[in-house]
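These notes concern the structure reproduced below.
Residue numbers start from 1 in every chain, and the chains themselves are labelled A, B, ... in the order their sequence lines are given, proteins ahead of strands.
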There are 2 protein chains.
Amino acid sequence: MKNLARKRPTINDVATASGVSRGTVSRVLNGHANVSLAAELAVRRAVAETGYVVNRAARSLKTSRTGSIVMVLSEPQERLFEDPNFSVLLRVATNQLAERDMSLVLMIAGDRGGRDRVARYLRGGHADGTLLVSTHAGDPLLEEIERAGVPAVACGAVLGRESVIPYATADDHGGAQQITEYLVGQGRRRIGMITGPLDTPGGLLRLEGFTSVLGRKATKRRIVNSDYTQAGGEAAMRELLDSVPDLDAVFVASDLMAAGALQALHAAGRRVPDDVAVGGFDDSIIATATRPMLTTVRQPLAKVAEETVRLLIALLDERDVEPVVLSTDLIVRDST
Amino acid sequence: MKNLARKRPTINDVATASGVSRGTVSRVLNGHANVSLAAELAVRRAVAETGYVVNRAARSLKTSRTGSIVMVLSEPQERLFEDPNFSVLLRVATNQLAERDMSLVLMIAGDRGGRDRVARYLRGGHADGTLLVSTHAGDPLLEEIERAGVPAVACGAVLGRESVIPYATADDHGGAQQITEYLVGQGRRRIGMITGPLDTPGGLLRLEGFTSVLGRKATKRRIVNSDYTQAGGEAAMRELLDSVPDLDAVFVASDLMAAGALQALHAAGRRVPDDVAVGGFDDSIIATATRPMLTTVRQPLAKVAEETVRLLIALLDERDVEPVVLSTDLIVRDST
DNA sequence: ATGAAAGCGCTAACAT
DNA sequence: ATGTTAGCGCTTTCAT
């Protein structure tokens with residue numbers, strides 16, 4: 001009874017065990033037509049008995065399909081990972097792909113080295129598709145991906161490439177309008193905004209949504225750009241209070257930054273929402289950890305991730321795809 | 001000039017271009033000895049010129065090594081993904097592996113189906129190693145992994161398997177002692193605790209650290225088990241206030257639960273830290289989003305992840321490994 | 001130090 | 001409907 005760790009069964013073992021040829025086993029495994037019921041049954045039984053699992057390397061060598069897709073993060077690392085939303089993408093994408101028996105490889109292309117690795121990986125044909133997360137318009141990675149000829153979709157639009165790279169996204173513009181209108185409706189008159197980086201869709205589109213509601217009342221002085229971090233939000237809030245002391249509301253483009261803004265307001269002795277109303281964006285886990293809890297815009301992130309994967313799979317199947325924009329919900333809590 | 005998307009160069013192309021045989025190219029690529037300088041140079045140049053990238057599937061077919069490792073999440077999905085700490089693991093592990101030109105595949109084994117998929121994946125030989133995250137002692141997955149014969153390490157100890165599965169972890173016990181001693185040193189006398197699930201190391205060991213400091217003063221009434229969620233922390237805090245109304249401090253086993261506890265205390269009209277001091281654990285992104293900001297125990301998570309990967313690589317190289325326990329830091333903020 | 005050649009496990013084209 | 005076979009790109013043994 002030695003040699004317990006016996007060799008992995010191959011398709012040949014299954015063929016022998018089921019009394020048919022390798023070819024037929026393969027046909028059964030891949031769901032091809034033209035297989036008799038008897039053969040199919042025999043094969044299925046043999047697979048179960050032998051504990052056969054397909055060798056993907058061999059399959060891939062033959063078909064040049066890998067069964068895995070890469071999620072590429074092109075964010076300067078920390079920022080994205082600080083973002084609690086990111087986990088949702090990861091979870092949903094993993095599960096969606098798993099259902100199709102595909103696997104998710106994670107790669108970080110934050111710097112030159114990372115980008116090169118991704119490029120080499122793709123050019124090596126190690127993945128069937130690419131799922132871009134928070135990729136910027138000018139990112140050199142985009143060219144590499146194009147050159148590699150691997151289908152790509154983006155979770156959130158890639159600014160400037162909307163017509164080239166299919167994407168699914170929450171309606172940033174609409175969501176920003178929603179909460180801005182709400183603030184106006186509450187009687188707020190001097191409303192400021194803290195934006196994300198303007199080379200990201202969330203940075204740009206939320207700002208545009210904001211200004212589309214306020215028109216000329218959205219003045220430059222009332223708008224401060226920041227960077228999606230809590231510290232950035234805090235600094236931006238201080239700046240805003242400085243330049244617009246009579247501010248009575250602020251729309252902050254992410255919950256994390258809004259948490260920073262709350263700290264700054266508290267430090268400045270402003271009461272929220274009495275003196276200043278604060279609106280966030282994301283409805284992330286942060287939103288209920290602050291005091292007061294944040295009124296915010298909920299992104300249907302799980303759905304966004306789901307749709308992104310759906311797009312990618314459609315692309316792999318060579319079906320036509322259209323961008324998907326999903327609407328957001330206003331979640332009213334205590335900060336407004 | 002048609003056919004732009006020309007075929008990927010293979011090792012044969014490199015051989016032709018450099019005027020040596022396939023075998024020699026392979027030897028150069030894999031850093032074997034017995035290669036003349038001239039040959040090496042010629043091959044390197046040909047690789048650069050042709051843009052050759054190794055076909056992993058072919059290599060894997062031959063060597064039965066895959067160059068990828070799986071990170072298996074065996075948490076009932078949401079809980080872990082809610083945890084901002086998790087992102088750190090992912091980032092560090094991805095980068096560490098990338099340096100060795102290995103890639104990280106993410107799999108979720110939260111339910112039966114997920115476990116089966118992981119098992120099949122491993123039995124199929126699709127990964128060289130396994131990186132376990134938040135795996136419980138009784139998890140049937142453990143057997144599957146053992147059966148698959150794939151090396152495994154854990155990020156955080158697997159309770160009950162400490163001697164079988166190598167791990168790297170923060171010093172949960174010591175960290176809990178640190179903050180408990182601190183609370184005592186601040187003159188707090190009636191200290192309660194909200195724990196994580198007791199089948200997790202963080203749940204159990206932090207509780208043990210707590211009781212090791214308080215001795216018999218750590219009574220059952222003052223200890224409430226919870227589940228690492230914010231809502232859970234809030235409920236636990238209410239319970240605690242109910243049964244121990246004169247509580248003057250509470251150690252909460254995670255920042256996220258502590259955020260919930262703060263809400264409950266606020267709702268109950270207790271001032272923090274004046275009436276009740278609150279200590280957290282993790283120093284996650286939540287810790288500075290709350291008001292007051294949390295005094296907490298910082299886990300060197302990046303380091304933990306790094307060490308976990310190091311252990312796994314050592315294991316793959318068939319070197320001996322020892323568990324790694326990394327010490328924590330007390331971060332004093334405003335909640336105590 | 002290098003070349004030649006076998007073969008890893010699979011799929012798909014071809015033959016029947 | 002099924003069997004036979006070539007070959008995907010690589011590593012490695014065996015010769016030399």
Side-chain angles (χ1 to χ4, degrees), chain A residues 6-44 46-47 50-68 101 120-128, chain B residues 6-44 46-47 50-68 101 120-128:
Chain A
R6 62 206 178 291
K7 244 171 117 303
R8 240 185 272 294
T10 74
I11 200 171
N12 286 307
D13 301 321
V14 178
T16 309
S18 58
V20 303
S21 74
R22 280 213 311 275
T24 301
V25 175
S26 176
R27 280 184 277 263
V28 171
L29 259 28
N30 294 288
H32 284 237
N34 290 342
V35 176
S36 71
L37 185 60
E40 161 134 26
L41 256 36
V43 169
R44 299 256 174 244
V47 166
T50 55
Y52 170 77
V53 181
V54 66
N55 180 327
R56 282 206 204 197
R59 172 182 286 175
S60 168
L61 185 56
K62 185 68 191 175
T63 61
S64 56
R65 275 210 158 208
T66 65
S68 66
D101 249 306
R120 236 183 310 127
Y121 197 81
L122 294 178
R123 271 192 293 116
H126 301 323
D128 298 339
Chain B
R6 61 205 179 292
K7 246 172 117 301
R8 244 183 270 292
T10 75
I11 200 171
N12 287 307
D13 300 322
V14 177
T16 309
S18 58
V20 301
S21 74
R22 276 208 320 265
T24 301
V25 175
S26 176
R27 280 184 277 264
V28 171
L29 259 29
N30 294 288
H32 284 235
N34 288 342
V35 176
S36 72
L37 185 61
E40 161 134 25
L41 256 36
V43 169
R44 298 257 174 243
V47 166
T50 55
Y52 171 77
V53 181
V54 66
N55 180 326
R56 284 207 204 193
R59 172 181 287 174
S60 169
L61 184 56
K62 187 70 194 175
T63 62
S64 54
R65 275 207 157 209
T66 65
S68 65
D101 249 306
R120 236 183 311 129
Y121 198 81
L122 294 178
R123 272 192 292 116
H126 301 324
D128 298 339

- Query: For dG9(D), does OP1 or OP2 lie under 4.0 Å from any side-chain N or O of T10(B)?
  - Reply: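 T10(B) to dG9(D) OP1/OP2: no side-chain N or O under 4.0 Å.
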With a cut-off of less than 4.0 Å, is there a side-chain N or O of S36(A) near OP1 or OP2 of dT2(D)?
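Answer yes for this pair, as a side-chain N or O of S36(A) is under 4.0 Å from OP1 or OP2.
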Sequence neighbours left out, what passes side-chain hydrogen bond (donor to acceptor under 3.5 Å, both in side chains) with [X]? Give chain and number order.
{"X": "R22(A)", "value": "N12(A)"}
{"X": "T10(A)", "value": "none"}
{"X": "D128(B)", "value": "T66(B)"}

Using whole Å, report how far [atom1] of [X] lies from [atom2] of [N].
{"X": "L61(A)", "N": "dC8(C)", "atom1": "CG", "atom2": "P", "result": "13 Å"}
{"X": "Y52(B)", "N": "dG9(D)", "atom1": "OH", "atom2": "P", "result": "10 Å"}
{"X": "R56(B)", "N": "dC10(D)", "atom1": "CZ", "atom2": "P", "result": "13 Å"}
{"X": "R65(B)", "N": "dG9(D)", "atom1": "CZ", "atom2": "P", "result": "24 Å"}
{"X": "K62(B)", "N": "dC8(D)", "atom1": "NZ", "atom2": "C1'", "result": "14 Å"}
{"X": "N12(A)", "N": "dT4(D)", "atom1": "CG", "atom2": "P", "result": "12 Å"}
{"X": "D13(A)", "N": "dC8(C)", "atom1": "CG", "atom2": "C1'", "result": "13 Å"}

*Apply side-chain contact (heavy atoms from CB on, under 4.5 Å) to V54(A) and list each qualifying residue two or more places apart in sequence or on a separate chain.*
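By the side-chain contact (heavy atoms from CB on, under 4.5 Å) rule, V54(A) matches Y52(A), R59(A).
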Nucleotide of [options] approaching [X] most closely (side-chain heavy atoms):
{"X": "V35(B)", "options": "dT2(C), dC10(C), dT12(D)", "value": "dT2(C)"}
{"X": "I11(A)", "options": "dC10(C), dG9(D), dA12(C)", "value": "dC10(C)"}
{"X": "S21(B)", "options": "dT11(D), dT2(D), dG3(C)", "value": "dG3(C)"}
{"X": "V20(A)", "options": "dC10(C), dG3(D), dT12(D)", "value": "dG3(D)"}
{"X": "A58(A)", "options": "dC10(C), dG3(D), dG9(D)", "value": "dC10(C)"}
{"X": "R59(B)", "options": "dT11(C), dG3(D), dT11(D)", "value": "dT11(D)"}

**Q.** Close side-chain approach of R8(B) to N55(B), heavy-atom, < 4.5 Å
**A.**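 Not touching, per the 4.5 Å side-chain cut-off.
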- Query: Only one of V25(B), V35(B), V14(B) clears side chain to side chain contact (heavy atoms under 4.5 Å, CB included) with V20(B); which?
  - Reply: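 Only one of V25(B), V35(B), V14(B) forms a side chain to side chain contact (heavy atoms under 4.5 Å, CB included) with V20(B), namely V25(B).
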Can you list, in residue-number order, the parts of residues 22-30 of chain A that come under 4.0 Å of DNA chain D, counting heavy atoms only?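 Contacting residues: R22(A), G23(A), T24(A), R27(A).
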*Where at least one partner belongs to residues 33-44 of chain A, residue pairs that pass salt bridge (Lys or Arg N to Asp or Glu O under 4.0 Å), sequence neighbours excluded*: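 For residues 33-44 of chain A, and leaving out neighbouring residues, the salt bridge (Lys or Arg N to Asp or Glu O under 4.0 Å) pairs sorted by first residue read E40(A)-R44(A).
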task = Tell me which of N55(A) and A39(B) sits closer to the 5' end of DNA chain C, going by the nucleotide each one is nearest to.
result =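 Whichever sits nearer the 5' end wins; that is A39(B).
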